[in-house]
There are 2 protein chains.
Amino acid sequence: MQTILVIEDDESLRDTIGVLLEQEGFKAVLVGDGRSGLDQALALKPDLMMVDLRLPGLSGMEVCKQVRAAALPTPIVVLSALADEVDKVLLLELGADDYVVKPFGTRELLARIRAVLRRTGPERTRVVAFNETEVDLEHRIVRRRGEEIKFTPAEYNLLTFFLQNPNRPLTRDLILNSVWGYESYPNTRTVDAHIGRLRQKLEPEPNVPRHFLTVHGVGYRFVP
Amino acid sequence: MQTILVIEDDESLRDTIGVLLEQEGFKAVLVGDGRSGLDQALALKPDLMMVDLRLPGLSGMEVCKQVRAAALPTPIVVLSALADEVDKVLLLELGADDYVVKPFGTRELLARIRAVLRRTGPERTRVVAFNETEVDLEHRIVRRRGEEIKFTPAEYNLLTFFLQNPNRPLTRDLILNSVWGYESYPNTRTVDAHIGRLRQKLEPEPNVPRHFLTVHGVGYRFVP
DNA sequence: TGCTTTATTCACAATTCCTTTACAACTCTT
DNA sequence: AAGAGTTGTAAAGGAATTGTGAATAAAGCA
C-alpha cells in the first residue's frame, strides 16, 4: 500500500484529506507542523508527501528544501493558499513536483496525486540502511560493514517489518499479525525470541540495543 | 457532550442504560429495533453505539456490517446474551470494538464504554506540546527540550489522560477509574505517587509544580 | 498559633514483564 | 532417510514497574 504524508496545519482540512486518501486506498500519515513533518518524511520515506506552504514553525518551503537535502526521492505536492502568490518556478526548483491552490476539490487533489505518482513511477527505495547495516530489499540481502549476514525467513520478515515501521512502538500482537499472519497463532514470547536473534546479528552490542528497543509494557520499537 | 446510541429491544433494559448514561453525562439516544438503529446511526453519527445482537428485524450483526459499510468511524460495543455463544473474533472482524455479555453490571458497562471511547477517542491530535515538552501520541514518545524521556505504561497513561482533560480538576477516583480501569482497585495514594513521578520528569521545578497542580481536598489539575 | 486534614516523598516488596538459553518439532535438502 | 537448518516454546533468571505504608511536609481552619 502506498503511503502519503500530509503536512497541513489546518486540522479539519488535514482530517478531510486523510479520510479521502484512506477511502482511495492510500495509507495517510497526518501531521500538523513542519518539524514533525520533516521527521516523518525522513523516517517513513512515504511514497508521496503533501506540504502546506504556510506552516507553524518550519515553513513548507523549508521542509521541501531539507527533504531534498536529505536526498529523499519522495515526490512532493505543495498546497498553497490563493493569497500566497507563489512563485511557481521557484517552487519547482525547490524540488516540488506539483502544486495545488486552495481551495481545491477532492477530485482535483486525487487527480494530481495520481498524476504525480504515475510520473515519478514505482522506483521504490530498494535499499534501506541504518547504522552500519544495509538491507537490499530487492535481492533480500543484508550486509553489515559490507559483509553479508544470513537471515532466516522469519528473521528477515521481522526485520523488514521493522524497517517499514520505524520509530513506532509495535505491540507483540501487531507484530504477530503482520509478520506471521492471521492464520498462525504462536505465542507472544516467540516475538521476544526473534528480537533476540535480530539483536544478536545486527546490534553492535546485543545486550545494549540501540536500534531494536524494547518499550516496556508495550512492545518493541525500531529506531534506524 | 458525547452522544451514545443504544439499540436494544428490551424496553426496561434500554431505559436503565439510558438513565445510567445520562447520569454519567452522556447524551443517550434509545431505539428498539435494528432498522431505526441504523437510520439513527447514519443520521446522528454518534460518538459510540451499543448494539444488542438479538434484535427484531435487522439483526445486530447486520447493523454493524452496514455501519462499517457506510465508513462510519463510530465505535461499536456489542451486547450479547450469555446463551448466544458469540464468536468474538467474528464480532471484532465485523467492526465491533468491544462486547459485553448480559447480564452486566453498570460499573462494567461504563468502564467498557469509557475504555472504548478512550481508545478510539480524540486521538486526532498526534502531537501535543506544552512548555518545553512535546508528546508524540503516535510514536508514544515524550520529549523535553528535544530530548526523549522514558515513560512507564502507568505514567504515560496518566499523562495522556491529563492531556485530554486540561484545566479541569480531576478527582483521584475519576483518575483511577479512567486510567486504571474497573478491574483494579488501587488506593488513591497510588495516584499521588504517580503524580510525583510525572512532576519529577516534566516539571522544571518538581517541588513547585506549574503544570500538574494539586487542588487541595479535590484532586489534581493539569494546565498546559 | 495550634490542631486537623490532606498531600508529598521515599524506600521497598510484590508483581509483572523481558531476556536468554536450551531443546524438540518441523521443514528442507540431499 | 539422514542431516542441516529453522522455529516455536518452556523455563529460569534478571530487570523494570508499580502499589503501598510510613515519615514528613504543607494547607486549611478555628
Side-chain angles (χ1 to χ4, degrees), chain A residues 140 142 148-162 169-203 205-222, chain B residues 140 142 148-162 169-203 205-222:
Chain A
R140 211 178 176 289
V142 183
E148 180 172 346
I149 302 181
K150 290 222 169 187
F151 274 74
T152 69
E155 288 166 5
Y156 185 79
N157 292 340
L158 181 58
L159 173 60
T160 55
F161 182 61
F162 275 120
L170 306 166
T171 64
R172 292 179 176 71
D173 281 338
L174 176 63
I175 293 173
L176 277 178
N177 265 327
S178 310
V179 177
W180 274 259
Y182 299 91
E183 312 281 330
S184 66
Y185 297 99
N187 79 26
T188 53
R189 287 287 133 258
T190 298
V191 176
D192 302 21
H194 279 272
I195 294 278
R197 307 203 240 259
L198 279 196
R199 299 217 255 234
Q200 216 56 43
K201 292 188 175 180
L202 294 178
E203 292 280 3
E205 297 172 85
N207 43 346
V208 191
R210 300 191 54 73
H211 300 290
F212 302 93
L213 308 182
T214 117
V215 183
H216 204 101
V218 182
Y220 294 96
R221 183 156 66 100
F222 167 69
Chain B
R140 201 189 174 281
V142 182
E148 181 172 344
I149 303 181
K150 286 209 172 187
F151 274 75
T152 69
E155 290 166 3
Y156 185 79
N157 292 341
L158 181 58
L159 173 61
T160 55
F161 181 63
F162 275 121
L170 306 165
T171 65
R172 292 180 177 72
D173 281 338
L174 176 62
I175 294 173
L176 276 179
N177 261 324
S178 309
V179 178
W180 274 259
Y182 61 102
E183 313 264 358
S184 64
Y185 297 99
N187 78 27
T188 53
R189 285 293 131 251
T190 298
V191 177
D192 302 20
H194 279 273
I195 294 278
R197 306 203 240 258
L198 278 196
R199 286 179 175 154
Q200 215 56 43
K201 291 188 175 181
L202 293 178
E203 292 281 3
E205 297 172 86
N207 43 346
V208 192
R210 300 192 53 74
H211 301 289
F212 302 93
L213 309 181
T214 115
V215 184
H216 202 97
V218 182
Y220 295 96
R221 184 160 66 98
F222 167 68

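Throughout, protein chains are lettered first and strands after them, A, B, ... in sequence-line order, and every chain is numbered starting at 1. Side chains included, hydrogens not; waters and symmetry mates left out as well; all remaining heavy atoms used.
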[X] [atom1] to [N] [atom2], straight-line distance once rounded to whole Å:
X	N	atom1	atom2	result
Gln200(A)	dT19(C)	CD	P	12 Å
Leu213(A)	dT19(C)	CG	P	10 Å
Ile195(B)	dT6(C)	CD1	P	18 Å
Asp192(A)	dT7(D)	CG	C1'	14 Å
Leu198(A)	dT20(C)	CG	C1'	15 Å
Asn207(A)	dT19(C)	CG	P	11 Å
Lys201(B)	dT18(D)	NZ	P	9 Å
Arg199(B)	dA26(D)	CZ	P	13 Å

Nearest-0.5 Å distance that lies between atom CZ in Arg221(A) and atom CZ in Arg140(B): 9.0 Å

How far does CD of Glu203(B) sit from NE2 of His211(B), to the nearest 0.5 angstrom? 5.5 Å

OP1, OP2 of [N] versus side-chain N and O of [X]: anything below 4.0 Å?
X	N	result
Thr214(A)	dC18(C)	no
Trp180(B)	dT18(D)	no
Thr152(A)	dT7(D)	yes
Arg189(B)	dT9(C)	no
His194(A)	dG8(D)	yes

Measure from the side chain of [X], starting at C-beta and using heavy atoms only, and say which of [options] lies closest.
X	options	answer
His216(A)	dA16(D), dG8(D), dT8(C)	dA16(D)
Tyr220(B)	dA16(D), dT19(C), dA7(C)	dA7(C)
Pro153(B)	dC17(C), dA7(C), dT18(D)	dT18(D)

Would you please name every residue forming a ring-ring contact (aromatic ring centres under 6.0 Å, His included) with Phe212(B), sequence neighbours left out? Phe162(B), Phe222(B)

Can you find a pair of side-chain heavy atoms, one from Ile195(A) and one from Thr214(A), that are under 4.5 Å apart? no

Using a heavy-atom cut-off of 4.0 Å across all strands, would you classify Arg197(A) as base, sugar-phosphate, or nothing? base

So which atom in Arg172(B) and which in Asp192(B) form the shortest heavy-atom distance, rounded to 0.1 Å? NE-OD1, 2.7 Å

